[in-house]
Amino acid sequence: MQQKVRFQIEGMTCQACASRIEKVLNKKDFVESAGVNFASEEAQVTFDDSKTSAADIAKIIEKTGYGAKEKTEDTLPHAEAEHHIGWRLWLLLVINIPFLIGMAGMMIGRHDWMIPPVWQFVLASVVQLWLAVPFYKSAWASIKGGLANMDVLVTIGTVSIYLYSVYMLFFSPHAAHGMAHVYFEVGVMVIGFVSLGKFLEHRTKKSSLNSLGLLLKLTPTQVNVQRDGEWKQLPIDQVQIGDLIRANHGERIAADGIIESGSGWADESHLTGESNPEEKKVGGKVLAGALMTEGSVVYRATQLGSQTLLGDMMNALSEAQGSKAPIARVADKAAAVFVPAVVGIALLTFIATWLVKGDWTVALMHAVAVLVIACPCALGLATPAAIMVGMGKAVKHGIWFKDAAAMEEAAHVDAVVLDKTGTLTEGRPQVAAVYCVPDSGFDEDALYRIAAAVEQNAAHPLARAIVSAAQARGLDIPTAQNAQTVVGAGITAEVEGVGLVKAGKAEFAELTLPKFSDGVWDIASIVVVSVDNKPIGAFALADALKADTAEAVGRLKKHNIDVYIMSGDNQGTVEYVAKQLGIAHAFGNMSPRDKAAEVQKLKAAGKTVAMVGDGINDAPALAAANVSFAMKGGADVAEHTASATLMQHSVNQLADALLVSQATLKNIKQNLFFAFFYNILGIPLAALGFLNPVIAGAAMAASSVSVLSNALRLKRVNIE
């Protein structure tokens, strides 16, 4: 049986490390697929659990030289600790100070600012023989694993320049006369700059890029819980399901629960993306992380930790951010051959410069500059950094993508297929008119009673409307047995004392409606009822458009996205709604199979199709679309099939999802361009001697930070 497991990876220094772990895992016959995300430092592995276990896979990863800890959905992600500069980096920076002063002096002709060569040797030895040891360990582990990482380049470059300087200081013919040219500052400053760059990169990945830390802060650490008839302040980890918890004005809800007393308003925008607070009353639901903006409530905890909607979202976000987008393959392929290629270029640079210049010192400096200017990290971070920020932005708008591939595909969408009921409309239709077949023997009340008996077994909004209308009349609804749903057509059941009842489309209940003078029948959704295959009446149900539907359709059209309505409702109703919204493509009387077939036609015509729906009947079309969106709280099969979930039942949120995806893909392309351009430009400049190794080291460290900074721009992108 296939099982998917996630691991937190420790010890990766660049994309080559991630590629190495992937290569090792994907060679195993029991691993179906393995992907490692350098930015999130996470591996996702799908394997045959009859042949191995998650623990064994962790051991395989550890044998490659990295730490691996399994991540589960049983507990919420942990908050990252503050990232402070460690003693090793502080010491490196302090040692760099005299060399920085000396180099500044040389730029203005003051060579006496540089400390004596012997002291340079002492400080460089401290760096090269002690502080740089983590680079050596990483480089050696990488070489043993068959793939060279960035630390291999840094190690070769700095060790070469250190050994050269030691030789020149103590063993060269010029050493006795004090004329030896040494370059200890190069190794010291390269190690210093690269270490600082790694620190800044790691801090950005763990804090700014990831939205999980912000979500974790939404859950209070201390809550007021009623125990033994008294209110006590307890840590959140001591709260149990069934506990009564009090949340006052300005406090956050600690668990999903049901309000027992009190009232107020709660801001649930962290989950829904909707900024307007929701009114909370006795019997209503509260969600973990919500902020009480007004009032005070006492609620009974029904779900805790990872089982809450907030916990579910955090686990979903963590998994989605750790997945890899297809476009990342470009960088993966480049990173796999990057370091060996750079070493080869550096060697050729050394030989060519020596032959042309006749000076092996200059040749060495050029070669070292080539080694340290190259940076596979920028390539490795280009895609996952943008995906992490984009996913976080989507969540803030109430959009949960299942993985990075879905987000990338959503960026290409140029056709959107919308269901009508519950998507474009409120999904709360009202009975607008009733028709009883003459001489059928059933009056209006009887029609309501019989229809409600059958429809109370269905979840469709039209069914709920008929049941609610019957209850509002105070009617006694009889019992129905053996209810069976005919997807896309209607429902049948045996009603006690009546017979076999069908409720659904006109053709399903075998009724041809007469021409009505009341225009509502031309635009309403029609539910026909029959008893023992003889029609007895029909209901016309009208459903108002959602307030933001017209605005959402306008946004989609503004961005050149074609909009289609495909509904099981009658053609007249669908065309009426389409006309109101300015939608040119409207299809009614469509079965689930019809919707899926039409989606396939659009794809065959070259369209990248997004489908939005919330019912069982939408599942085939959701599966057929390039990317699909289900409404939270709709049918389970729809949510399971869809590529993403919309927390609000709003087409505006769909527009947000597509525009966030477009912005994310654009950012990825910018990052990839920068990473490739940086290396394409930097390596030749270093080879030709236009960049010395110190500047090259600083530029290399800055390249990764630049890619991360560009990804962070996504947080401020306007998606209107």
Side-chain angles (χ1 to χ4, degrees), residues 76 211 214-227 229-317 395-400 422 426-428 459 461 464 468 471-472 544 546-548 614 631-634 639 645-650 652-653 656:
L76 292 176
S211 301
L214 295 175
L215 293 176
L216 282 167
K217 294 177 182 177
L218 297 178
T219 305
T221 56
Q222 299 281 328
V223 290
N224 288 311
V225 182
Q226 191 177 72
R227 291 282 172 86
E230 296 181 1
W231 288 101
K232 298 180 180 179
Q233 191 87 359
L234 296 177
I236 184 66
D237 58 6
Q238 293 186 21
V239 176
Q240 301 174 358
I241 290 178
D243 277 345
L244 286 176
I245 307 171
R246 184 170 60 204
N248 298 322
H249 168 73
E251 295 180 343
R252 293 213 176 254
I253 302 296
D256 289 357
I258 303 297
I259 298 175
E260 297 285 333
S261 64
S263 63
W265 294 78
D267 180 355
E268 298 175 344
S269 59
H270 64 298
L271 292 172
T272 65
E274 174 57 59
S275 58
N276 296 325
E278 292 280 335
E279 186 176 9
K280 299 298 177 183
K281 299 178 179 179
V282 173
K285 292 182 179 179
V286 288
L287 301 174
L291 176 67
M292 291 299 300
T293 57
E294 289 183 35
S296 174
V297 296
V298 173
Y299 60 97
R300 190 175 299 279
T302 57
Q303 298 289 351
L304 298 169
S306 63
Q307 303 305 311
T308 64
L309 190 58
L310 174 63
D312 183 40
M313 180 177 72
M314 291 172 65
N315 281 314
L317 176 60
V395 163
K396 285 185 177 180
H397 284 80
I399 305 149
W400 299 7
E426 291 286 355
R428 295 191 295 270
R464 292 197 295 266
S468 296
Q471 291 172 339
K546 292 179 178 177
D548 64 350
D614 63 352
M631 305 293 189
K632 187 67 177 178
E639 284 193 49
T645 301
L646 305 179
M647 296 304 294
Q648 297 177 37
H649 287 220
S650 168
N652 238 338
Q653 207 166 49
D656 290 341

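Atoms considered below: every heavy atom in the structure, side chains included; atoms not considered: hydrogens, waters and symmetry mates. Treat the numbers as computed from the prediction; the structure is a model and nothing was measured.
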Of the non-hydrogen atoms in [X] and [Y], which two are nearest, and what is the gap between them?
X      : Y      : result
Gly250 : Leu291 : O-CD1, 3.5 Å
Thr293 : Pro277 : OG1-CB, 4.0 Å
Pro220 : Val223 : CG-CG1, 3.8 Å
Leu304 : Ala301 : CD2-CB, 4.2 Å
Val298 : Trp231 : CG1-CH2, 3.8 Å
Ala290 : Ala266 : CB-CB, 4.3 Å

Checking side-chain contact (heavy atoms from CB on, under 4.5 Å) against Ile245, which of Val239, Leu234, Val297 comes through?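 Answer to the side-chain contact (heavy atoms from CB on, under 4.5 Å) test with Ile245 among Val239, Leu234, Val297: Val239.
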Side chains of [X] and [Y]: does their closest heavy-atom pair fall under 4.5 Å?
X      : Y      : result
Ile399 : Gln653 : yes
Lys280 : Glu268 : yes
Ile253 : Met292 : yes
Leu310 : Leu287 : no

As an exercise, state the distance from [atom1] of [X] to [atom2] of [Y], rounded to the nearest 0.5 Å.
X      : Y      : atom1 : atom2 : value
Arg246 : Gln233 : CZ    : CD    : 9.0 Å
Gln307 : Ile241 : CD    : CD1   : 7.5 Å
Gln222 : Gln238 : CD    : CD    : 8.5 Å
Glu278 : Asp267 : CD    : CG    : 9.5 Å
Leu244 : Tyr299 : CG    : OH    : 10.5 Å

Checking the side chain of [X] only, and the main-chain atoms of [Y] only, is there a donor and an acceptor separated by less than 3.5 Å?
X      : Y      : value
Thr302 : Asp256 : yes
His249 : Gly295 : no
Arg252 : Gly289 : yes

Once side chain to side chain donor-acceptor pair (under 3.5 Å) is applied, do any residues pair with [X], and if so which ones, sequence neighbours excluded?
X      : result
Asn224 : none
Ser263 : none
Arg464 : none

